[in-house]
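Values below: all heavy atoms of this structure, side chains included; hydrogens, waters and symmetry mates excluded. Worth saying up front: this structure is predicted, and the values here are computed from it rather than measured.
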Amino acid sequence: MSSAVIRIHPSDNVVIARRQLLGGAAIEAEHFVVQGLVPPGHKVATCAIAAGAPVVRYGQIIGTATQAIAAGQHVHTHNLAFSDFSRQHQPGTGQRPTAFVDRPASFDGIVRADGRVATRNYIGVLTSVNCSATAARAIADHFRRDIHPEALAAYPNVDGIVALTHGAGCATDSEGEELRVLRRTLGGYARHPNFAAVLVVGLGCETNQIQGLIAQEGLSEGARLITFSIQDTGGTAKTVARGIEVIQGLLPEANRVQRQPVPASHLTVGLQCGGSDGYSGISANPALGAAVDLLVRHGGSAILSETPEIYGGEHLLTRRAVSPAVADKLLARIAWWEQYTARHGMQMDNNPSAGNKAGGLTTILEKSLGAIAKSGTSNLVDVLEFAEPATTRGLLFMDTPGYDPVSATGQVAGGANLICFTTGRGSAYGCAPSPSLKLSTNTALWLKQQEDIDIDCGGIVEGQDTVDAVGERIFRLMLDTASGRATKSELHGYGQNEFVPWQLGAVM
């Protein structure tokens, strides 16, 4: 039988409960007796920790004891608090040559005319502003297979028509950062290879003029990108009718695609974790990291994001940076976030959610160390701003909020054609046009929410599986999914509501 606790690093002064621990239980391997109830996934002290002393997990500081903690006591929000500390960044000291494989893996992708490779084949309906969202959704709803199966019956190679709407596009600075970021996001989706074609619907009088979007993003209207506005078309009903007619004209060409074997180098995976728990940094995240290392060795790319959720662990990434310039770009984004949160009267430690804390995570430092595990051990080759195109192969970092729908929206805009999303509390997230795989950190969640989870990593927690073995399974599932295998979230129809561009500035 496996031990009742998990030790992550030899220098840690806390261990993690595999299952609920009762007061009086002797943990012989760690030489202490449990004092009081410790929930599964939570921390328990292995030795006496003085008030003001650091608490260490993953071999790293996760906070400071706010009171004296005895060996065997539960360690959480009642006796542990965030405290900043000096980090040794040492750019490049942790990088190592990438051992590329001789014969890269492949998947069955869709090769576009310009050579880009898609994992899905959608037609997208984007909006320039919230005011055209209703019309855009009505256009897409006409083609929904669940309520109008006849609309796409003749087009089996088209995965669907999706309307990706948002709540912005007006009442903002016409020359400001928020509009530039929104346009960069919409431009990334308009160019995304998973769209065979895109229709952009506007209102007409919004700040985010469609022609301004086209000019900033270097887009070209034509057979693959069609735009019009409600005011020019003559109202909602006429706009919906026109949109339906346009898409009906696009469907025959979109349906002509065929999948063919392509190298794994055409796969770009966005890395997400949401509803994290005390097991995230032990099972699903490091297993996903092992899969990322395999993907990079096979020539592919992965995008780590959620800047507030690497805070306090960023030195582990700068050490893997391929150059001081890349490390400096990451540190600049950290500094921006420190200023951004201070400006709004917040702190970086506001990040752990109620669910995170219920699952055993106490401070942002602890959460970040587990989140960084998703990146594996590969070198950090570049740092991107939100929705910036990912053009370098390997492990990249994109600056995004920790809010999963916003973060993944930036990754897809940057070119991610697959998302991998770990969860310990349970997630019902999906993504369009890029499929999303969900990985559970513990088997109890898998058994409870199998209809939403694609792979269980809980065997690692129980000592029945290894990080590398699960990482290999995740990598193979990435390839199968990229080849067309439907994810659980796709079967449920998730994806349209999860398009959430980052709103940075003031609403005027």
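Looking at Val412 and Ile419, their side chains come closer than 4.5 Å, going by heavy atoms from C-beta outward. Between Gln67 and Gln73 there is no side-chain heavy-atom pair separated by less than 4.5 Å. In this structure the side chain of Val5 reaches within 4.5 angstrom of the side chain of Leu21, judged on heavy atoms. Side-chain contact between Leu316 and Leu369 is present, with heavy atoms from C-beta onward closer than 4.5 Å. For the pair Glu306/Asp404, a side-chain contact is recorded, criterion being any heavy-atom separation below 4.5 Å from C-beta on. Within the 4.5 Å cutoff, side-chain heavy atoms of Ile334 are placed close to those of Thr307. Between Lys438 and Asp452, some side-chain heavy-atom pair lies under the 4.5 Å cut-off. Between Phe32 and Val15, the closest side-chain pair of non-hydrogen atoms falls below 4.5 Å.
At distances below 3.5 Å, at least one donor-acceptor pair connects side-chain atoms of Ser301 with backbone N or O atoms of Gly394. In this structure, Arg319 contributes its side chain and Gln90 its backbone to no donor-acceptor pair below 3.5 Å. Using modelled atom types, one side-chain atom of Arg145 and one backbone atom of Asp159 make a donor-acceptor pair closer than 3.5 Å. In this structure, the side chain of Glu314 engages the main chain of Gly312 through a donor-acceptor pair within 3.5 Å. Judged by distance alone, the side chain of Glu498 and the main-chain N or O of Gly495 form a donor-acceptor pair under 3.5 Å. Lys374 places no side-chain N or O within 3.5 Å of a backbone atom of Leu271 that could act as its donor or acceptor partner. With hydrogens and angles disregarded, a donor-acceptor distance shorter than 3.5 Å links the side chain of Lys488 to the backbone of Ile453. No donor-acceptor pair under 3.5 Å is formed between the side chain of Ser283 and the backbone N or O of Gly458. Between the side chain of Arg393 and the backbone N or O of Ser265 there is at least one donor-acceptor pair closer than 3.5 Å. A donor-acceptor contact shorter than 3.5 Å is absent between the side chain of His344 and the backbone of Met346.
Between the CD1 atom of Ile16 and the OG atom of Ser3 there is a distance of 12.0 Å, given to the nearest 0.5 Å. For the atom pair NE2 of His298 and CG of Leu267, the computed distance is 11.5 Å after rounding to the nearest 0.5 Å. Atom OH in Tyr340 sits 5.5 Å away from atom CG in Leu504 (nearest 0.5 Å). How far CZ of Arg96 is from CG of Asn379: 8.0 Å, rounded to the nearest 0.5 Å. To the nearest 0.5 Å, atoms CG (Leu186) and CG (Leu126) are separated by 6.0 Å. Note: Arg18 CZ to Ile6 CD1 = 4.5 Å, rounded to the nearest 0.5 Å.
In terms of heavy atoms, Ala291 sits closest to Gly471 at CB-O, 3.4 Å. Summarising the geometry of Ala416 relative to Val269, their closest heavy-atom pair is CB-C, 4.5 Å, with the distance given to 0.1 Å. Here the closest non-hydrogen pair linking Ala65 and Ile49 is CB-CG2, 4.0 Å. Across Gly430 and Tyr494, no two heavy atoms sit closer than the pair CA-CB, 3.5 Å. Of all heavy-atom pairs spanning Thr46 and Arg7, the tightest one is CG2-NH2, 3.6 Å. Of all heavy-atom pairs spanning Ala327 and Pro91, the tightest one is CB-CB, 3.7 Å.
Under 3.5 Å, the side chains of Ser276 and Asn356 contain no donor-acceptor pair of N or O atoms. Side chain to side chain, Ser434 and Asn417 fail the donor-acceptor criterion of an N or O pair below 3.5 Å. Side-chain polar atoms of Ser407 and Gln272 form a donor-acceptor pair below 3.5 angstrom. With no hydrogens or angles considered, no side-chain donor-acceptor pair links Ser280 and Asn285 at under 3.5 Å. Side-chain N/O atoms of Arg112 and Asn121 include a donor and acceptor closer than 3.5 Å. Between Asp480 and Ser483, the side chains place no donor N or O within less than 3.5 Å of an acceptor N or O (distance only, hydrogens not considered). No hydrogens or angles considered: nothing links the side chains of Asp454 and Thr487 as a donor-acceptor pair under 3.5 Å. Between Asn194 and Thr119, the side chains place a donor N or O and an acceptor N or O closer than 3.5 Å (distance only, hydrogens not considered).
In this structure, His78 and His74 have tilted ring planes: the angle between them lies in the 30° to 60° band. Between Trp502 and Trp336, the angle of the ring planes goes over 60°, which puts this pair in the perpendicular group of the 30/60° scheme.
No more than 12 heavy atoms of other residues, nucleotides or ligands sit less than 6.0 Å from atom CG of Asp102. Summarising the local packing, OH of Tyr403 is surrounded by 12 or fewer heavy atoms from other residues, nucleotides or ligands at distances under 6.0 Å.
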One pair to check against side-chain contact (heavy atoms from CB on, under 4.5 Å): Phe195 and Leu164. What are the steps and the verdict? CA-CA 12 Å; Phe195 282 132; Leu164 302 180; 3.8 Å; yes
Trace of the side-chain contact (heavy atoms from CB on, under 4.5 Å) decision for Ile460 with Tyr279: CA-CA 9 Å; Ile460 298 170; Tyr279 299 127; over 6 Å; no
Can you list the steps and then say if Val326 with Phe397 is a side-chain contact (heavy atoms from CB on, under 4.5 Å)? CA-CA 10 Å; Val326 170; Phe397 184 85; over 6 Å; no
Pair Thr362-Lys43, side-chain hydrogen bond (donor to acceptor under 3.5 Å, both in side chains): steps then yes or no: CA-CA 9 Å; Thr362 310; Lys43 297 175 290 298; 2.7 Å; yes
When you look at Leu22 and Leu37, which way does the side-chain contact (heavy atoms from CB on, under 4.5 Å) test go after all the steps? CA-CA 5 Å; Leu22 301 178; Leu37 188 70; 3.5 Å; yes
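Using a 4.0 Å cut-off between charged nitrogen and carboxylate oxygen, Glu309 and Lys367 count as a salt-bridge pair. Salt bridge status for Arg116 with Asp114: present, with a side-chain N to carboxylate O gap under 4.0 Å.
Figure legend: cation-pi geometry between Arg87 and Tyr311, with NZ or CZ positioned under 6.0 Å from the six-membered ring centre and within 45° of its axis.
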